[in-house]
Amino acid sequence: MSIEFSNQSLSKSISAAPSTGRGIVEAEVLVVFLTEGGVGSGGAKLADTAMNGLLSKLATSGEITGKRYECTTLLSPPGVPCQVVVVVGLGLRELLNVETLYKAAATASRMVAARPRGSVAFLAEASWTSAQVEQAVAGAAVGMVGQDLYRAEKKRNPFGKTIWLDAPMDAVQRGAIIADGVNLARRLVNMPPDVLYPESFAEEARVMAERTGVEIETWDEKKLLAERCRSLLAVGRGSAKASRLVILRYKPAGNRSPQPEFAIVGKGVTFDSGGLSLKPADSMLSMKCDMSGGAAAIAAIATIAALRLPIHVIAAVGMVENMTGSDAYRVGDVLIARSGTTIEVHNTDAEGRLVLADVLDVVKGLKPDAIVDAATLTGACVVALGNDVAGLFSNNQPWCDRVAAAARRMGEAVWQMPMYSDYDDQIKSDVADIKNVGDGRWGGAITAAKFLERFVGEIPWTHVDIAGPAFVEKPKPWTDGGGSGCMVRSFVEIARGS
Ligand code: BES
Ligand code: MN
Ligand code: ZN
């Protein structure tokens, strides 16, 4: 059932198995989940029995607390056919949810993956819901993958084999597919900008599309010009690399909906130097992450297709590199966007909205019932919400609530920002319909969203500014630094409805 998105697909190495005999299979490492307040009656109890009560003794003596994400390594305990048992805390049983399981599994997995491992078994609990099993499986497979694509000595080593004990097979398979999606987005973000540029990014999308059966249409510069995408093209003009627009469509057999039920739009700036409004050198280092929204859109539709969700979805990604070449667009230029709206350029570093202006207009023409976009759009959003929280901006409260609810179910932090109508005045221009920045830097995340709103018409739309969470500057217990793969699980969750 599992479908490989790319050569790094891990889903084939993950399987489910019943716990045999005294409860444990042979594996190099066994991961046991423990809640606060002792071994209880589930998986931890099973492991405890196999270990002749070692676990409960450690818990009673307070050596192991079961506090959230606490990891303890036990060397070959008697009774268990494993070299190492890792006990990972889940916190209070009453508070157990999808987010905790995803992060706890990822934390254990990340620690275990510090060395090469042949096989790792995780002991699930019968009391977990299938959504919880899925996300635990996904977390474990995300945690074992790092950002060291080009390091000879790897910091993370994906396990040869992962075995989920006492977990329903179908939930394990779905979790593995979801992990492939998140890891695909992370890999794309982590690819250096000399390797991933618009053309090669589009090629990655093509490979994914072929493997998952998603339809793909790629617009090169000739087609982009014919389609009057001059706002998008202007941003790419200072680069030696040609721009692209990729449109993906997943329509499952039997789906009657002629129009897409929703569209995922992504900002795919493969490197953002700022253009002639050049960024300071320090702020440029992480700007390979400026295509994270595009990566999330591609990975989400890949996952939706691989899960065979019964929903008609499209994704569209504008792929450009923002550079300073001799033909670079200038401050003062007036661009005519595909929609006909004229835009005076006040800052070439506010390029994401110029790219999205045309992508949103193209998508609007495909008449989806709703649009969600993900973009590393503004530093101002990071000032407002910090590194871990994505900003939500919308023209339609019920649709925004759906996006927020899906993200909350997945434990991806989001917070809605106001689309204060007086701020519309801030993007007015003296020479054109609008300008590409607000008046001054205050409220910059909102004025950016106000700009995007001009291009979606009446379609319910929610913009997710992921400038903070897209790229992990400081590793956390459950994730290495680099691309986070944020919003992939949330977008898949939207497609699953409810
Ligand atoms: N890609 C940046 C935003 C960004 C900043 C992403 C930090 C990730 C981390 C975007 O293109 C940008 O440069 N925005 C400007 C807008 C300003 C010129 C109005 C910004 O935030 O400074
Ligand atoms: Mn920029
Ligand atoms: Zn940018």
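All residue numbers refer to positions in the sequence shown, counting from 1.
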Inset, instruction - Compute both the distance and the angle, then confirm whether K288 meets the cation-pi test with F271: under 6.0 Å from the six-membered ring centre, within 45 degrees of the axis. - result: no
Legend entry - Check ion pair R237-D327 (N to O, under 4.0 angstrom): yes
Legend entry - Charged N-O contact under 4.0 Å between D220 and R244: no
Legend entry - Under-4.0 Å salt bridge between E351 and K267: yes
Inset, instruction - May I ask you to say whether E321 pairs ionically with K241, meaning some side-chain N is under 4.0 Å from a carboxylate O? - result: no
Legend entry - Electrostatic pair R338:E227 at N-O distance under 4.0 angstrom: yes
Inset, instruction - Classify the side-chain pair H463/D373 by whether it contains a donor and acceptor separated by less than 3.5 Å. - result: yes
Legend entry - Single hit among D425, D430, D424 for salt bridge (charged side-chain N to carboxylate O under 4.0 Å, His left out) with K428: D425
Inset, instruction - Would you indicate whether the side-chain heavy atoms of F262 and W399 approach each other to under 4.5 Å? - result: yes
Could you pull out all donor-acceptor pairs under 3.5 Å where a side-chain atom in residues 449-460 meets a protein atom, sequence neighbours excluded?
| residue | atom | partner | partner atom | Å |
| --- | --- | --- | --- | --- |
| K450 | NZ | M419 | O | 3.0 |

Legend entry - Close side-chain approach of R110 and K155, heavy atoms under 4.5 Å: no
Inset, instruction - Report yes if the side chains of I336 and R228 come closer than 4.5 Å at any heavy-atom pair, otherwise no. - result: no
Legend entry - Nearest atoms (heavy-atom pairs only) where A467 meets D465: N-OD1, 3.1 Å
Legend entry - Charged N-O contact under 4.0 Å between D349 and K279: yes
Legend entry - Student check: side-chain heavy atoms of N387 and P469 closer than 4.5 Å: no
Inset, instruction - Please determine if E99 and K103 form a salt bridge, counting it only when a charged side-chain N lies under 4.0 Å from a carboxylate O. - result: yes
